[in-house]
Amino acid sequence: MSVSHHAKTPKAMSKASGAPAPQPVNAASYAAPDDRGRFGAYGGAFVPEVLIPELDALTRAFRAAWDSESFQRDYRQILCDYVGRPTPLTFADRLSRALGGPRIYLKREDLCHTGAHKINNTVGQILLARRMGKTRIIAETGAGQHGVATATVAAKFALECIVYMGAEDMQRQRLNVERMRMLGAEVRPAISGSQTLKDATNEAIRDWVSHPHNTFYIIGSVVGPHPYPMMVRTFQEVIGKEARAQLLQYEGRACPDVAIACVGGGSNAMGLFYSFLGDARVRLIGVEAAGEGLDSRHAATLSCGTPGVLHGALSYLLQDGQGQVMSAHSISAGLDYPGVGPEHAYLKDLHRITYEVASDEEALHAVRLLSQTEGIIPALETAHAVAALARMAPKMTASDVVVLCCSGRGDKDMTTIMGADVAA
Ligand SMILES: *Cc1c(COP(=O)(O)O)cnc(C)c1O
């Protein structure tokens with residue numbers, strides 16, 4: 001197997017991807033990505049040549065591990081005893097009544113160890129690293145949430161861990177830096193460029209290029225070169241699988257009318273949606289960050305972006321006319337990313353997933369709404385999904401069932417929320 005690493009120009013791409021006719025996606029025929037790691041025209045592996053054999057080896061190791069009983073047993077056991085799965089599916093009766101529309105269920109990823117869904121993936125990748133005999137873990141992190149989830153599993157499995165983080169982000173996210181250090185990880189500042197996530201990613205790739213044999217690069221969302229989008233999605237699929245079984249128990253049917261989740265890179269959304277892709281009656285809704293508004297600073301990559309290459313894959317991207325990556329903005333650090341996973345780009349073009357947006361202000365209101373109706377303080381990321389649902393709910397009926405992915409808890413965001421209150 002080999003993957004193409006020849007970049008297509010954004011211009012050629014936008015022609016190729018210009019709104020095809022809607023296609024039903026059914027479980028039997030949906031087989032993305034293909035052998036080259038392509039989701040339709042998107043995905044692939046646009047990386048330095050020396051990494052191609054490493055990515056090929058990773059793809060083979062992942063497939064073999066996923067098919068092996070011993071890997072499955074270890075993975076399930078850790079998800080159960082360490083992460084705390086299955087997470088509950090909570091019927092949000094007061095939120096449902098407050099919005100006056102559908103019956104709303106929350107898939108409680110906020111109750112995972114470390115407070116969000118990200119650990120489902122880092123657990124899977126560290127088990128794979130161990131199986132491949134890797135001794136050194138690297139990761140990059142923006143807000144620090146993925147860095148913490150990586151440092152956590154590296155501690156648990158006694159592997160050396162280096163997390164690259166923009167120097168500017170380290171200033172803004174001091175608490176997460178200290179968490180990673182507490183867990184025994186080394187946090188290395190990326191001091192080039194804007195000193196944010198983009199630069200940290202470049203540093204991590206540079207590190208991997210110089211130590212390919214002993215190093216495993218843990219990527220935190222359904223982004224990056226093949227096989228990462230497929231692998232991370234697979235490790236997050238547990239969210240949707242559990243939700244199906246739980247909904248069947250509560251409602252007598254496995255399929256909701258609507259499944260809704262926030263989209264940064266897109267991993268909690270793909271994790272929830274994947275199990276429902278083949279059920280045409282389930283409307284799948286991804287919610288991006290509209291920041292200060294779509295005509296101002298935002299992170300609505302699928303709603304406003306164009307195809308281009310970022311972090312080793314072709315997908316939608318916020319870029320200017322010259323193809324320069326624009327800096328994204330969202331009040332929630334986890335959605336503040338100018339790219340998005342290639343599978344989302346593909347499913348958007350197929351019209352299988354619909355994308356909505358919610359602004360900083362709407363998200364702040366939604367944090368309060370969920371806190372005060374359900375006693376659950378959601379992450380600001382999650383609050384974007386709540387906000388979009390609040391807008392849609394009046395058009396739905398009492399017989400409609402919604403599953404919303406409660407991707408994380410909001411404790412980490414309290415200073416941001418308090419700061420926004422002072423400013424308002
Ligand atoms: C990181 C994060 C997100 C965004 O990442 P996805 O890959 O889009 O899921 C959403 N919610 C929480 C709580 C996060 O920490």
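Counting convention: from 1, in listed order, for ligands and their atoms alike.
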### Query
In chain order, what residues pass the salt bridge (Lys or Arg N to Asp or Glu O under 4.0 Å) check against Arg206, with sequence neighbours excluded?
Glu203

### Message
For Asp207 and Arg136: C-alpha separation, side-chain torsions, deciding distance, then whether salt bridge (charged side-chain N to carboxylate O under 4.0 Å, His left out) applies.
### Response
CA-CA 11 Å; Asp207 180 313; Arg136 197 170 165 269; 2.8 Å; yes

Pairwise, report which nitrogen or oxygen atoms of ligand 1 are under 3.5 angstrom from protein nitrogen or oxygen atoms, and how far apart they are.
| from | atom 1 | to | atom 2 | distance (Å) |
| --- | --- | --- | --- | --- |
| ligand 1 | 7 (O) | Ser221 | OG | 2.6 |
| ligand 1 | 7 (O) | Gly266 | N | 3.3 |
| ligand 1 | 7 (O) | Ser267 | N | 2.8 |
| ligand 1 | 7 (O) | Ser267 | OG | 2.7 |
| ligand 1 | 8 (O) | Gly264 | N | 2.8 |
| ligand 1 | 8 (O) | Gly265 | N | 3.2 |
| ligand 1 | 8 (O) | Gly266 | N | 2.7 |
| ligand 1 | 8 (O) | Ser267 | N | 3.4 |
| ligand 1 | 9 (O) | His117 | NE2 | 2.9 |
| ligand 1 | 9 (O) | Ser267 | N | 3.4 |
| ligand 1 | 9 (O) | Ser267 | OG | 3.2 |
| ligand 1 | 9 (O) | Asn268 | N | 2.8 |
| ligand 1 | 9 (O) | Asn268 | ND2 | 2.8 |
| ligand 1 | 11 (N) | Ser407 | OG | 2.8 |
| ligand 1 | 15 (O) | Lys118 | NZ | 2.6 |

Give the table of side-chain donor-acceptor pairs shorter than 3.5 Å for residues 268-275, with sequence neighbours excluded, one pair per line with atom names and distance.
| from | atom 1 | to | atom 2 | distance (Å) |
| --- | --- | --- | --- | --- |
| Asn268 | ND2 | Cys262 | O | 3.1 |
| Ser275 | OG | Lys241 | N | 3.4 |

### Query
Should the pair Tyr105 and Tyr250 be assigned to parallel (<30°), tilted (30 to 60°) or perpendicular (>60°) ring geometry?
parallel

#### Entry: Parallel, tilted or perpendicular: ring planes of Tyr217 versus Trp208, cut at 30 and 60 degrees
perpendicular

### Query
With sequence neighbours left out, which residue pairs that include part of residues 150-162 fulfil the side chain to side chain donor-acceptor pair (under 3.5 Å) condition?
His146-Thr150

